[in-house]
Structure formats: C-alpha cells, structure tokens
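Comments concern the structure below.
Atoms considered below: every heavy atom in the structure, side chains included; atoms not considered: hydrogens, waters and symmetry mates.
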Amino acid sequence: MNNQRPISSDDEHRVLQFRPRTPPFKAAQPGSGTVQPLRVAPERLDLSRYEQPRAAPDNFRQRMLANIAALAFTIALTAIGIWLAVSIADLRRTQDCVLMGRRDCVKITTPHI
C-alpha cells in the first residue's frame, strides 16, 4: 500500500498564546509583611443607571384604554383567522368532492317549518 500524507508547512499551524486580561493574583508569601487586598465583587449591574426622571406622570387611564384596544384587536384578528381557516377547509372539501365526479357536493340548507 502506498500511504500518501499531505505535505504541511509550519505556516499552516500556529499556536497562539493565551494572555489573560488581568494580571494573575499573587499569593502573599509568609513573612513578607505585606497584605494583599481582597478581591471585591463588582457591584450588580441593573437598569437603575438608565432611569431618567419623567416630565409628566403616567396616564393610567390612557394606558389601560390602549391595552383594551390592543386586546380587542388581537381577539378580532384571531377570530378572523379561525373563520378564514374554516372557510378554506370547507372550500377544499367541496372542491375535492367535485373533482371526484360527485354531483351532490353543495350543502343545501332548508328552513325548519
């Protein structure tokens, strides 16, 4: 058997040295007389630094009306979507019936006497 290995040059493979962003913490040596400061945990990041004072107080009534209008719009959109899906399914059933060659595909509604 003939084993062929690709020829690789040293330029293809390069090891990069990892350099930490902060200098390593040096442990205190016994008898050195120096005290190393404790690492203090950074303060928690929250959104309080982005808060700005409001020029006018919130209008609760306007906000609730907007929420109610958005809810009504969402309900209407959902109802229209359901109606559309049902009507498309009914049209598909009717079309399948006609394409099969049947003649009694249309629903005939009669009033109750």
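Using a 4.0 Å cut-off between charged side-chain N and carboxylate O, D90 and R92 make no salt bridge.
Distance OG/S87 to CD1/I82: 12.0 Å, rounded to 0.5 Å. Distance CG/N67 to CD/Q62: 10.5 Å, rounded to 0.5 Å.
A chain of hydrophobic side-chain contacts below 4.5 Å, direct or via other Ile, Leu, Val, Met, Phe, Trp or Tyr residues, connects I88 to W83.
Side-chain contact between V98 and Q95 is absent, with no heavy atoms from C-beta onward closer than 4.5 Å.
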